[in-house]
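In the text below, chain A, chain B and the rest are named by the order of the sequence lines, each starting its count at 1. This is a predicted model, so every value here is computed, not measured. All values below were derived from every heavy atom in this structure, side-chain atoms included, with hydrogens, water molecules and symmetry-related copies excluded.
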Amino acid sequence: MTAGNSPSTGREAGSAERRILELSILYEVSRALQRTVDEERALHIILAGVTAGPGLGFNRAFILLLDEEAQALRGRMAIGPENPEEATRIWRHLSERHVSLGDLLHSILDDEIQKDRWINELVSRVEIPLGEGSNPWIRVLRSHEAGRAHDGTIQPHGIPIDDGMALTFGANHFAAAPLFLGDSDLGILIADNAITRAPIGEDHLRLLEIYAQEASAAIQNTRLYRKLTDQIQISEERNVTLRASQRQLLEVERLTTMGRLATLLAYRVRAPLANIGGFARRLSRAVPGEDARRNEVDIIVSEVARLERLVEEVLAYRRISKTEFRPTDVNALIRSVLITMHDEIQRNRIRPILRLQHDLPLVCMDELQVRQALMNLAANAVEAMPSGGALTIATAMGGDYLEIDVGDTGTGIPKQNWEKLFKPFFTTKTTGTGLGLAIVSQVVETHKGTLSFESLQGIGTCMHLRLALHPESRTPGPDCEPAAPFEG
Amino acid sequence: MNTILIVDDDRNLRRLYQAELEAEGYRVVLAGDGDEAAKCVARELPDLIVMDIRMPQKDGLDAMAQILLDHGRVPIILNTAYSSYQDDFFTWAADAYIIKSADLNPLKNTIREILGSQPKSGAAPLDAVPRREARASRDSEKHG
């Protein structure tokens with residue numbers, strides 16, 4: 001919205017009448033300024049008040065604001081027509097509609113701001129370094145004293161007006177007032193009559209100065225408000241983060257409780273299971289092989305064995321948090337795993353094949369954990385071979401790692417399951433916990449190792465375990481001397 | 001004939017163990033809690049004790065301590081559903097720690113091993129028989 005002044009209004013009024021007019025202008029403008037906390041709108045209201053016919057009545061107005069970071073006075077916003085033709089058109093339009101200052105300011109508050117493009121491009125290019133002490137604008141800013149062009153100089157500062165400035169603002173037709181609050185400089189407000197060439201008197205300068213004080217307070221308000229909302233936003237963001245970590249804590253707490261419950265349940269279930277299974281085994285031995293009931297009793301036996309494994313897996317998953325590294329004879333460990341699984345291997349017509357490197361050194365590991373991992377891998381291998389096959393376990397040294405391969409000639413792992421394979425609770429078995437491979441991968445992680453596999457459907461699967469020789473640190477711990485060659 | 005004392009508050013377990021161990025050719029006596037166990041030891045002078053840990057009133061570890069103090073060296077196998085006691089220093093006084101399981105072979109094998117390696121004992125010093133390495137018992141815990 002451009003509001004230039006018709007040259008005949010206001011200035012010819014008598015002294016008392018002019019005072020009342022001035023007061024009403026200040027009143028209207030400050031009322032409008034109180035209604036906004038947006039700097040852009042506030043600046044526009046300030047400029048409109050300077051140029052409105054029913055306001056201060058200048059042709060054009062400019063605001064330059066202090067940019068602390070750039071240490072410069074920067075053009076921020078302006079109002080005014082580009083040339084006399086545009087000015088005439090606007091003034092005629094306004095006087096025909098009899099727009100009051102209040103209406104004008106309200107339209108700025110409520111409507112979208114429309115900037116005069118030409119003059120705003122002009123003002124946006126203004127950037128005066130604060131170091132230029134002889135620059136009239138810097139002088140106005142720093143001295144907190146308004147000045148007006150008079151007889152080729154800016155009064156009362158006495159700075160000569162150079163040609164550029166005379167060309168932009170008219171040699172004798174502009175004034176500037178400082179925008180400041182207490183000790184802090186905000187910028188300057190420039191007003192001119194470059195179109196009408198109407199002279200600017202001492203009284204106009206005084207009014208502009210008072211007006212600039214009102215404007216300064218408004219600008220400062222919007223800034224304080226913005227600072228406040230920024231801080232509110234920051235503290236809200238902090239609250240959100242706080243709430244999120246609170247939720248995480250609760251989640252951890254919940255999982256811990258669930259884990260404790262699961263452990264407790266597993267322990268409690270173990271004794272009755274042992275009794276059921278124990279009696280079922282007795283019954284199984286008592287019933288002759290040819291009796292049909294023998295088969296049914298054996299189902300109880302194998303189901304209980306399954307449940308016991310499930311209990312064991314739940315407990316093992318909880319146990320991994322406790323780790324104890326000891327030098328371990330891996331080959332012996334593997335043999336003992338196979339001995340433990342002897343029944344299962346026999347029952348499923350599996351042929352175990354051991355390819356153990358015979359001069360393997362003792363390797364630092366948590367024996368219980370690695371045993372559990374190997375048990376899980378071997379059990380998976382056996383389950384993958386429902387109609388029999390070969391279970392191969394191989395060991396080898398590879399640099400800083402011990403390598404253990406567990407291979408089967410079973411069904412293979414379907415490609416769509418590859419990614420989910422090591423996730424807890426992923427299972428393809430109706431009775432599985434889905435913890436088996438999750439435990440293996442946790443064990444591998446505690447041993448700073450890697451776990452990979454190859455699988456071909458219908459051919460078989462090979463799981464590759466690589467365990468770091470010194471998983472605790474680069475230097476072995478006190479109870480874990482450097483791996484010594486192990487004979488046997 | 002060796003006498004084995006089974007100490008467990010679970011009646012069904014006592015019945016199962018009695019049947020299974022008698023079938024192995026042992027004489028089996030039973031106790032339902034720690035106090036009863038202490039009296040039973042004085043009366044029956046068992047060659048080996050299979051002891052549960054979690055029992056009402058006096059638990060297995062307290063009962064074990066009292067029996068070892070009062071009667072000197074008696075082989076004791078701790079037999080529990082809880083693996084958590086293994087870290088308890090007091091369980092070290094036992095000869096073996098076996099997790100309860102439907103598969104009684106680990107228990108039977110351990111009993112056979114202990115009785116086989118042992119002259120008929122009465123009051124041997126406490127440290128005469130070293131505790132079975134945790135490995136053997138933990139093996140059975142995992143896979144029994």
message: Can you tell me which of A:Gly277, A:Ala305, A:Gly278 forms the most heavy-atom pairs within a distance under 4.5 Å of chain B?
response: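 The candidate making the most pairs under 4.5 Å is A:Gly278.
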
- prompt: Relative to chain B, which of A:Val337, A:Asn275, A:Ile276, A:Val301 shows the most heavy atom pairs under 4.5 Å?
  reply: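 Highest number of pairs under 4.5 Å: A:Asn275.
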
message: Nearest 0.5 Å, please: how far is CG in B:Leu104 from CZ in A:Arg281?
response: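 Taking CZ in A:Arg281 and CG in B:Leu104, the distance rounds to 7.5 Å.
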
field: B:Tyr82 OH to A:Leu315 CG distance, which is reported to the nearest 0.5 Å
entry: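 The OH atom of B:Tyr82 sits 10.5 Å away from the CG atom of A:Leu315.
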
Given a strict heavy-atom distance threshold of 4.5 Å, which part of [X] is in contact with chain A: side chain, backbone, both, or neither?
{"X": "B:Leu16", "result": "both"}
{"X": "B:Asn12", "result": "both"}
{"X": "B:Arg15", "result": "both"}

message: A quick test of your reading: do over 12 heavy atoms of other residues, nucleotides or ligands sit less than 6.0 Å from CD of A:Glu445?
response: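 Atom CD in A:Glu445 is not crowded, with 12 or fewer foreign heavy atoms closer than 6.0 Å.
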
- prompt: Quick check: are there more than 12 heavy atoms from other residues, nucleotides or ligands sitting under 6.0 Å from CZ of A:Arg293?
  reply: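 No - once you tally the heavy atoms of other residues, nucleotides and ligands closer than 6.0 Å, there are 12 at most.
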
query: Closest heavy-atom contact between B:Ser101 and A:Ala274?
result: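 Nearest pair, atom of B:Ser101 first, then A:Ala274: C-CB, 3.5 Å.
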
task: Considering only heavy atoms and a distance below 4.5 Å, find which of B:Ala81, B:Ala23, B:Ala19 pairs most often with chain A.
output: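 Ranked by contacts with chain A, first place is B:Ala81.
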
message: Quick test of your reading of the model: are A:Glu308 and B:Lys100 salt-bridged, counting only N-O distances below 4.0 Å?
response: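 Looking at A:Glu308 and B:Lys100, the cut-off is not met.
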
